[in-house]
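Please read through the structure below; I'll follow up with questions.
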Amino acid sequence: MRRAALFALLLILPVAVGATVLIPIEFRELVAVAPVIVHGRVVDVRSEFVDGRRSVETFVTIEAAEYLKGDLGNRVVIRVPGGQLGRYRTIFVGAPEFREGDELVLFLKSSGSPLPYIVGLSQGAFRVVEDAHSGRRIVTTAIVMGKQDGAEERVVRGDPTRKPLPIESFRDVVRQVIASQGAGK
C-alpha cells in the first residue's frame, strides 16, 4: 500500500531535476581548449536577469594586463552563470564568484556566444594574490597536470607537491605548454 501511494505521489508531482557535472580538466587540455588566456584585474561585476527573467547571470569586466594566448583587447566582458540581483539569486554549482579588484588568470572560450565564458567554470579561473610571507604575487590554485606519457595519475586533496606558484612560474608553465602543443601539430 505504501509503495502504491508513493508511486501515485511521484506521478502527481513531476519534478524537474537538473545537475552540473564537472569533469576535472588536465592543465594541458585546458591550455589547448582555451583560445584566449588573459591575466588581468576585475574592474566591474554586475548581475542581470536573462532568459526572460527566469535566471540571473553575472557579467564581469576584466582589465587585461597581458594575454598569454589570443587577444580580446584592453577590456573584456565575460559571462558567468549564476548571480544575485536584489532578492533574486541563481546558484550555478561550480561557477566562480568575483569581486572588483580580484587579480586573475582566466582561460576563456566563446563558441557560439557573443560573450566569452570561462572554460571548465572554476577550473579555468586562477586567482592571483600577494603571499603574506614573501610579498610575491602567487597563483593560489594549484595546476593539475598529468604525466607526459599519458599514464594515470591520482589527484589527492592536500597533496603537498601541489602548491601555489609565483605568477612568473605560472606564466612560464603556460608558455611551455603552448610551445609543446605547437611543436606537436
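Remember, predicted model here, so these are calculated numbers, not experimental data.
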Nearest 0.5 Å, please: how far is CZ in Phe92 from CG in Leu121? 5.5 Å
Taking the side chain as every heavy atom from C-beta outward, state whether Ile37 and Val105 have any atom pair closer than 4.5 Å. yes
Once rounded to the nearest 0.5 Å, what's the spacing between atom CD of Glu57 and atom CD of Glu48? 9.5 Å
With salt bridge (charged side-chain N to carboxylate O under 4.0 Å, His left out) as the test, would you mind laying out the steps for Glu168 and Arg137 before giving the verdict? CA-CA 9 Å; Glu168 300 82 13; Arg137 290 177 21 257; 5.0 Å; no
Sequence neighbours excluded, which residues qualify as ring-ring contact (aromatic ring centres under 6.0 Å, His included) partners of Tyr88? Phe49
Strictly by modelled atom types, are Ser134 and Asp131 linked by a side-chain donor-acceptor pair under 3.5 Å?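 Distance-only check passes for Ser134 and Asp131.
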Looking at Phe107 versus Phe27, is the centre-to-centre ring distance below 6.0 Å?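 Yes - the distance between ring centres of Phe107 and Phe27 falls below the 6.0 Å cut-off.
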Closest heavy-atom pair and its distance - Ile25, Gln123: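 Of all heavy-atom pairs spanning Ile25 and Gln123, the closest is N-OE1, 2.8 Å.
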Please tell me if the side chains of Phe98 and Leu106 come closer than 4.5 Å, counting only heavy atoms from C-beta onward.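 Yes, their side chains come closer than 4.5 Å.
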I want to check something: taking the side chain as every heavy atom from C-beta on, are Gln84 and Val56 in contact at a cut-off of under 4.5 Å? no
What distance do Phe170 atom CZ and His39 atom NE2 have between them, rounded to the nearest 0.5 Å?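 One finds 9.5 Å between CZ of Phe170 and NE2 of His39.
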Between Tyr117 (side chain) and Pro81 (backbone), is there a donor-acceptor pair under 3.5 Å?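 No: the side chain of Tyr117 does not pair with the backbone of Pro81.
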Give the intermediate values and the outcome of side-chain contact (heavy atoms from CB on, under 4.5 Å) for residues Leu72 and Tyr67. CA-CA 8 Å; Leu72 296 175; Tyr67 283 91; 3.5 Å; yes
What verdict does the side-chain contact (heavy atoms from CB on, under 4.5 Å) test give for Arg28 and Gln181, after you've listed the backbone C-alpha separation in whole Å, the side-chain angles of each residue and the deciding distance to 0.1 Å? CA-CA 8 Å; Arg28 283 184 289 270; Gln181 291 172 346; 4.1 Å; yes
Could you tell me whether a side-chain N or O of Lys109 sits under 3.5 Å from a main-chain N or O of Pro116, the two making a donor and an acceptor?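 Not confirmed, Lys109 side chain does not pair with Pro116 backbone.
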Rounded to the nearest 0.5 Å, what separation is found between the CG atom of Asp44 and the OG1 atom of Thr61?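 Answer rounded to 0.5 Å: 4.5 Å.
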For Glu97 and Arg99, indicate whether the former's side chain and the latter's backbone hold a donor-acceptor pair under 3.5 Å.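 Looks like no, no N/O pair under 3.5 Å.
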Hey, does Val43 have a side-chain heavy atom less than 4.5 Å from the side chain of Arg75? yes
Check the pair Glu66 / Arg41 against salt bridge (charged side-chain N to carboxylate O under 4.0 Å, His left out), numbers first and verdict last. CA-CA 10 Å; Glu66 68 177 322; Arg41 190 169 298 278; over 6 Å; no
Can you confirm whether Ser47 sits close enough to Thr58 that some side-chain heavy atom of one is under 4.5 Å from a side-chain heavy atom of the other?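 When only atoms from C-beta onward are counted, Thr58 and Ser47 do touch, with a gap below 4.5 Å.
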So for atom CZ, which belongs to Arg136, do other residues, nucleotides or ligands contribute more than 12 heavy atoms lying within a distance under 6.0 Å? no
Mind checking whether Val76 and Val42 sit in one hydrophobic cluster, side chains of I, L, V, M, F, W, Y counted as touching below 4.5 Å? yes
Do Val173 and Val31 share a hydrophobic cluster, counting only Ile, Leu, Val, Met, Phe, Trp and Tyr and linking them when any side-chain heavy atoms are less than 4.5 Å apart?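 Same cluster: Val173 reaches Val31 through Ile, Leu, Val, Met, Phe, Trp or Tyr contacts under 4.5 Å.
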Spell out, yes or no, whether Leu165 and Ile167 are grouped together once hydrophobic residues are joined by side-chain heavy atoms under 4.5 Å, including indirect joins. yes
All heavy atoms of Gly94 vs all of Ser122, minimum pair found to be O-OG, 2.7 Å
Val36 and Val80: same hydrophobic cluster, using ILVMFWY side-chain contacts below 4.5 Å?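 Same cluster: Val36 reaches Val80 through Ile, Leu, Val, Met, Phe, Trp or Tyr contacts under 4.5 Å.
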Single-linkage hydrophobic cluster, 4.5 Å side-chain cutoff, Val33 and Phe126 together: yes
With heavy-atom distances below 4.5 Å as the criterion, would you say the side chains of Val38 and Leu68 are in contact? no
Non-hydrogen side-chain atoms of Val119 and Leu108 separated by less than 4.5 Å: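 No, their side chains stay 4.5 Å or more apart.
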Give the C-alpha distance, both sets of side-chain angles, the deciding distance and a yes or no for side-chain contact (heavy atoms from CB on, under 4.5 Å) between Lys69 and Val174. CA-CA 9 Å; Lys69 187 177 179 187; Val174 170; 5.9 Å; no
Could you pull out the closest heavy-atom pair between Ala64 and Gly73, with the gap in Å?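 Answer, listing the atom of Ala64 first, then Gly73: CB-O, 3.7 Å.
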Ser169 side chain reached by Ile138 side chain, heavy atoms, under 4.5 Å: no
Do you know which two heavy atoms are closest between Val77 and Leu115, and how far apart they sit? O-CD2, 3.7 Å
